[in-house]
There are 2 protein chains.
Amino acid sequence: MTTLTPPQHGNDVETVRIMLVDDHAIVRQGLRSILERERDLIVVAEASTPDEALTVIGRSAPHIVLLDLKLSTASDTEGLDLCAELTSSHPAIGVLVLTTFLDEQLVLKAIRAGARGYVLKDVDTSGLVRAIRDVSRGESAFDARSAAAMVRGLNAPDPEESQQLTAREREVLRLLARGLSNRDIGVKLYISETTAKFHVGNILRKLGVSRRAEAVYEATKLGLI
Amino acid sequence: MTTLTPPQHGNDVETVRIMLVDDHAIVRQGLRSILERERDLIVVAEASTPDEALTVIGRSAPHIVLLDLKLSTASDTEGLDLCAELTSSHPAIGVLVLTTFLDEQLVLKAIRAGARGYVLKDVDTSGLVRAIRDVSRGESAFDARSAAAMVRGLNAPDPEESQQLTAREREVLRLLARGLSNRDIGVKLYISETTAKFHVGNILRKLGVSRRAEAVYEATKLGLI
DNA sequence: GTTGTGCCTGCCCGATCGGGCAGGTCGACC
DNA sequence: GGTCGACCTGCCCGATCGGGCAGGCACAAC
């Protein structure tokens with residue numbers, strides 16, 4: 001579809017149909033205002049939740065989805081899951097991730113989930129519009145900071161190793177962070193002190209640390225607590 | 001100024017002049033779009049930084065300032081400082097804090113900094129408009145969740161106690177979080193193991209905890225790390 | 001049915017922790 | 001000059017930690 005395009009003509013050819021996904025009405029409204037100043041961009045749908053997005057995407061046929069990914073709510077998987085679902089069921093649609101914070105691992109996760117672009121919310125209007133046009137042409141779009149974060153993330157120790165704590169281990173981790181001793185953890189979880197200690201040991205190993213205090217620090221950074 | 005007001009007339013009386021402060025152009029644009037649908041609201045200024053806000057406030061004479069407070073960047077003081085500066089130098093101006101995350105301590109800090117309202121960014125349009133009108137009438141405006149958070153925050157142990165770690169203690173705290181033992185902290189800071197232990201003890205006492213792991217957890221919550 | 005995995009348990013031992021005790025220096029403030 | 005706080009140091013001791021060792025059961029996958 002990247003044939004020669006006359007700079008401007010009629011109004012319909014090469015129009016980019018956009019769907020906005022963000023749980024903040026304010027942000028959706030801001031994006032809509034900014035994007036609709038451009039002649040070739042049109043917002044065809046909005047959604048505030050993943051469910052809503054999956055519902056409306058069928059009847060709005062967007063070319064690209066502008067997806068807000070928030071972390072720090074500990075449920076960054078929600079947005080990522082939606083991203084993966086969209087890109088697998090609608091491969092032609094390009095997902096452009098829009099986010100507030102720059103997080104190395106999140107950039108990588110977004111890419112693995114099929115996102116074709118990643119830009120921060122504080123980009124200026126022209127940067128956002130450029131990214132949208134890039135993604136709509138099938139290219140990828142990462143601003144400089146995101147690209148740098150991606151490189152840092154790839155060089156960091158494998159985060160998957162850290163994430164694969166079992167449910168029990170995450171439970172122990174929470175209590176550990178509250179300053180409970182192995183014995184207290186055991187009492188709380190109706191297991192022996194020895195078992196609590198066993199889980200703590202596994203947590204330390206998986207997080208690549210050797211002290212509880214450091215485990216709390218790492219787990220917090222990874223959003224596990 | 002709460003005399004009887006005819007529902008609608010001319011166009012100028014009772015108009016609320018608003019200044020937006022948010023570092024994201026997208027959010028500012030969204031707020032502007034939403035607010036300017038209301039006949040009695042007018043956005044007279046925008047600012048993306050505290051400095052900019054202080055510069056433009058003089059020549060735009062807003063009645064209220066819509067201030068975005070972000071935390072999690074560890075520099076939540078920036079917005080709070082601006083809030084305090086605005087309310088002390090322009091007492092007539094009502095500051096309405098707009099924020100993404102609900103944080104007990106942040107609500108309290110905002111109030112201490114002179115804010116007259118606190119609403120979350122995911123409010124619907126009508127909630128936001130109502131809050132603005134309330135604040136413009138000199139009342140305060142807190143949505144239900146913020147009010148609840150305020151109560152929780154007031155019942156929590158005094159956070160100021162936690163903040164008053166000395167420079168040295170914060171230094172020790174950082175190393176402690178990295179999993180260093182007292183001995184290693186001593187080596188790193190060119191002090192004896194005993195002294196390192198002394199500082200750790202003081203940190204535990206000031207944070208109201210008895211384990212290093214819990215100290216890291218608390219310190220992270222308080223943004224000390 | 002074997003293999004693997006998550007979860008559970010006991011024992012041992014040296015290192016570390018947390019909380020006491022005692023003391024000292026230095027600069028700031030009154 | 002005295003007092004206060006931040007910072008520093010030593011010693012003691014019981015509790016806890018972290019890392020080994022050994023084993024157990026239940027369930028799912030191949």
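The chains referred to below are lettered A, B, ... by the order of the sequence lines, with proteins before strands, and numbering in each begins at 1. Just so it is clear, the values below take in all heavy atoms, side chains as well, and ignore hydrogens, waters and symmetry mates.
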Please list each protein N or O that sits under 3.5 Å from an N or O in nucleotides 22-30 of chain D, with the distance.
none

Would you kindly give the [atom1]-to-[atom2] distance between [X] and [N], to the nearest whole Å?
{"X": "B:Glu171", "N": "D:dC8", "atom1": "CD", "atom2": "C1'", "answer": "14 Å"}
{"X": "A:Arg205", "N": "D:dG18", "atom1": "CZ", "atom2": "C1'", "answer": "13 Å"}
{"X": "A:Lys197", "N": "C:dC11", "atom1": "NZ", "atom2": "P", "answer": "12 Å"}
{"X": "A:Leu189", "N": "C:dG6", "atom1": "CG", "atom2": "C1'", "answer": "15 Å"}
{"X": "A:Ile191", "N": "C:dT9", "atom1": "CD1", "atom2": "C1'", "answer": "10 Å"}
{"X": "A:Arg170", "N": "C:dC7", "atom1": "CZ", "atom2": "C1'", "answer": "14 Å"}
{"X": "A:Asn202", "N": "D:dG20", "atom1": "CG", "atom2": "C1'", "answer": "13 Å"}
{"X": "B:Leu207", "N": "C:dG19", "atom1": "CG", "atom2": "P", "answer": "12 Å"}

For the [atom1] atom of [X] and the [atom2] atom of [Y], what is their distance to the nearest 0.5 Å?
{"X": "B:Thr166", "Y": "B:Leu173", "atom1": "OG1", "atom2": "CG", "result": "10.5 Å"}
{"X": "B:Leu128", "Y": "B:Leu96", "atom1": "CG", "atom2": "CG", "result": "7.0 Å"}
{"X": "A:Asp68", "Y": "A:Ser48", "atom1": "CG", "atom2": "OG", "result": "11.5 Å"}
{"X": "A:Ser89", "Y": "A:Ile57", "atom1": "OG", "atom2": "CD1", "result": "6.5 Å"}
{"X": "A:Leu54", "Y": "A:Asp81", "atom1": "CG", "atom2": "CG", "result": "10.5 Å"}

Closest to the [X] side chain, choosing from [options]:
{"X": "B:Val200", "options": "D:dT9, C:dG6, C:dG18", "result": "C:dG18"}
{"X": "B:Thr194", "options": "C:dG19, D:dG10, C:dT9", "result": "D:dG10"}
{"X": "B:Thr195", "options": "D:dC8, D:dC12, C:dC7", "result": "D:dC8"}
{"X": "A:Arg211", "options": "C:dC17, C:dC7, D:dC11", "result": "C:dC17"}
{"X": "B:Leu204", "options": "C:dG19, C:dC12, C:dC8", "result": "C:dG19"}
{"X": "A:Ser192", "options": "C:dC7, D:dC8, C:dT9", "result": "C:dT9"}

Is the phosphate of C:dC8 approached by A:His199 (side-chain N or O, under 4.0 Å from OP1 or OP2)? yes
Would you call [X] and [Y] a salt bridge, taking side-chain N to carboxylate O under 4.0 Å as the test?
{"X": "A:Asp22", "Y": "A:Lys121", "result": "yes"}
{"X": "A:Asp143", "Y": "A:Arg130", "result": "no"}
{"X": "B:Arg178", "Y": "A:Glu214", "result": "no"}

Under 4.0 Å, heavy atom to any atom of DNA chain C: which of residues 172-185 of chain B qualify? B:Ser181, B:Asn182, B:Arg183
Between B:Arg174 and B:Glu171, is a salt bridge (charged side-chain N to carboxylate O under 4.0 Å, His left out) present by the stated rule, with each step listed? CA-CA 5 Å; B:Arg174 278 203 345 267; B:Glu171 207 168 359; 5.6 Å; no
Under 4.5 Å between any side-chain heavy atoms of B:Ile132 and B:Ile18, yes or no? yes
